[in-house]
Amino acid sequence: MNKYLLPISTLMFIFGINTAAHAGTSEVSWLNPEKYRDVKSGNESKAKYQARVFKEFEKHFADRASEFPEGYQLKVNVTDVDLAGDVNAGGIERIRIVSDLYFPRIKFSYELFNNTGEKIKSGGTNLKDMNFLMSSSLRYRNKPLGYEKKMLDKWFDNTFDSVVVKNTN
């Protein structure tokens, strides 16, 4: 019986942390994506790669917006994206080379609405992280768009610190 106590209590602890009332949502619009600075793939078709990148960003915004109180909605209008690195020819195959010369950037406007539909925060931003390779953060190591997600996290934390539901467990 005691051999099950630790795994069960560990699972209860993990699920207990994740049951806080976080239920905000997000909506991301991609304005004129054909004019974006750099959402280029290596060998994948442009449309397929772009759809995959946009889906990753949308999921990340949704994950972060879920930290808002129930009923809150974040609306984001993206006007430019420049992914970390650059797609260069590597012989027959084209690959994305990541170096400090090609830092990530994303430009967008945002509006945050509370649970009654009132706009409580809005603005525009032109994010860039020129020191993206200098960080020792391992949170998104080996994950798609890790540098961009880290940059968005920093913006989100700075912009919405007073709105995010703090986990007290």
Side-chain angles (χ1 to χ4, degrees), residues 22-69 71-89 94-166:
H22 301 200
T25 60
S26 68
E27 178 184 306
V28 180
S29 299
W30 304 95
L31 307 179
N32 301 316
E34 66 281 355
K35 295 182 180 180
Y36 290 179
R37 195 178 301 221
D38 175 22
V39 184
K40 297 177 189 131
S41 69
N43 291 326
E44 193 173 358
S45 79
K46 182 178 179 176
K48 193 173 186 179
Y49 182 74
Q50 188 178 61
R52 196 162 45 88
V53 167
F54 289 176
K55 186 175 179 181
E56 272 299 315
F57 276 123
E58 289 166 9
K59 182 181 180 317
H60 193 69
F61 276 111
D63 289 345
R64 292 309 309 258
S66 72
E67 299 173 31
F68 293 137
Y72 278 55
Q73 184 179 30
L74 175 64
K75 292 186 177 184
V76 177
N77 292 312
V78 180
T79 55
D80 194 18
V81 174
D82 187 353
L83 300 176
D86 191 28
V87 176
N88 293 312
R94 293 177 49 87
I95 57 173
R96 182 168 290 277
I97 306 292
V98 177
S99 78
D100 55 0
L101 293 175
Y102 307 108
F103 50 90
R105 301 178 228 198
I106 184 168
K107 186 176 181 179
F108 58 91
S109 61
Y110 66 92
E111 297 175 312
L112 179 63
F113 298 90
N114 67 14
N115 56 0
T116 63
E118 176 187 359
K119 186 189 313 181
I120 59 172
K121 197 162 192 139
S122 64
T125 188
N126 189 3
L127 297 180
K128 57 185 171 183
D129 185 0
M130 297 173 75
N131 294 317
F132 74 106
L133 289 176
M134 300 301 172
S135 171
S136 61
S137 174
L138 300 177
R139 181 173 185 184
Y140 299 112
R141 185 177 184 180
N142 299 323
K143 301 255 192 229
L145 306 175
Y147 299 118
E148 293 79 4
K149 289 176 182 177
K150 183 182 70 134
M151 180 177 66
L152 285 169
D153 282 350
K154 185 176 180 181
W155 168 81
F156 190 93
D157 292 341
N158 291 335
T159 305
F160 300 116
D161 182 52
S162 63
V163 180
V164 170
V165 174
K166 301 296 184 200

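For the atom pair Leu145 CG and Arg52 CZ, the distance stands at 8.5 Å (nearest 0.5 Å). Atom OG of residue Ser26 and atom CG of residue Leu112 lie 11.0 Å apart, to the nearest 0.5 angstrom. Note: Glu56 CD to Lys149 NZ = 4.0 Å, rounded to the nearest 0.5 Å. The CG atom of Asn126 sits 7.5 Å away from atom CG of Asp80, with the distance rounded to the nearest 0.5 Å. Rounding to the nearest 0.5 Å gives a distance of 7.5 Å between CD of Glu118 and CD1 of Ile120. Taking OH from Tyr147 and CZ from Phe103, the interatomic distance works out to 15.0 Å, rounded to the nearest 0.5 Å.
Within the 4.5 Å cutoff, the side chain of Lys150 has heavy atoms near those of the Asp129 side chain. The closest side-chain heavy-atom distance from Arg64 to Trp155 is not below 4.5 Å. Side-chain atoms of Phe132 and Glu148, non-hydrogen and from C-beta on, never get closer than 4.5 Å to each other. The shortest distance between side-chain heavy atoms of Leu133 and Val98 falls below 4.5 Å.
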*Test Tyr49 against Lys40 for side chain to side chain contact (heavy atoms under 4.5 Å, CB included), laying out the working first.*
CA-CA 7 Å; Tyr49 182 74; Lys40 297 177 189 131; 5.8 Å; no
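Between Pro69 and Val163, the shortest heavy-atom distance links the atoms CD-O, 3.4 Å. When every heavy atom of Leu74 is checked against every heavy atom of Ala65, the shortest pair comes out as CB-CB, 4.4 Å. Minimum interatomic distance between Ser41 and Val87 (heavy atoms only, all atoms of both residues): O-CG1, 3.4 Å. Leu83 and Val39 get closest at one heavy-atom pair: CD1-CA, 4.2 Å.
Contacts of Asn158 classified as side chain to side chain contact (heavy atoms under 4.5 Å, CB included), with partners at least two apart in sequence or in another chain: Lys154. Residues meeting the ring-ring contact (aromatic ring centres under 6.0 Å, His included) test with Phe113, sequence neighbours left out: none. When the side chain to side chain contact (heavy atoms under 4.5 Å, CB included) test is applied to Pro33, the partners found at least two apart in sequence or on another chain are Tyr36, Gln50, Phe54. Remark: Tyr140 pairs with His60 by the ring-ring contact (aromatic ring centres under 6.0 Å, His included) rule, at least two apart or across chains. In terms of the ring-ring contact (aromatic ring centres under 6.0 Å, His included) criterion, Tyr102 has no residue partners (sequence neighbours excluded).
For residues 100-110, the salt bridge (Lys or Arg N to Asp or Glu O under 4.0 Å) pairs, not counting sequence neighbours, are Asp82-Arg105.
Centroid-to-centroid, the aromatic rings of Phe108 and Phe57 stay 6.0 Å apart or farther.
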